[in-house]
Amino acid sequence: MSANDRAVDMPAIRVDCPVCLASAGLVCTSLSSDKPMLSAVHPARTAAWHEQQKRGGR
Ligand SMILES: [Zn+2]
């Protein structure tokens, strides 16, 4: 992981976030501060992306 990680470059950005309900392609919003999470996504979103891969998505 580099210091330049960007949420928009993460594969998990391609799925909807089950936590903050961000649509695919949009960054997560922090539930506590209501600010966009530019360098991370919710862990559950990453998990959701992995689940989609396992289900045989593209
Ligand atoms: Zn989120």
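Numbering of ligands and ligand atoms starts at 1, following listing order. Residue indices begin at 1 and follow the sequence shown.
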Checking side-chain contact (heavy atoms from CB on, under 4.5 Å) for the pair His42/Met37: CA distance, chi angles, key distance, verdict?
CA-CA 9 Å; His42 287 118; Met37 294 165 60; 3.6 Å; yes

For [X] and [Y], indicate whether the former's side chain and the latter's backbone hold a donor-acceptor pair under 3.5 Å.
X: Arg45; Y: Ala12; result: yes
X: Asp16; Y: Leu21; result: no
X: Ser30; Y: Ser33; result: yes

Hey, which protein N/O/S atoms does the Zn ion (ligand 1) have under 2.8 Å?
Cys17 SG, Cys20 SG, Cys28 SG, His42 ND1

Rounded to the nearest 0.5 Å, what separation is found between the CE atom of Met10 and the SG atom of Cys28?
9.5 Å

Flag yes if Leu38 and Leu26 sit in one hydrophobic cluster, no otherwise; membership is Ile, Leu, Val, Met, Phe, Trp, Tyr, and two members link when side-chain heavy atoms are under 4.5 Å apart.
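Not linked; separate clusters.
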
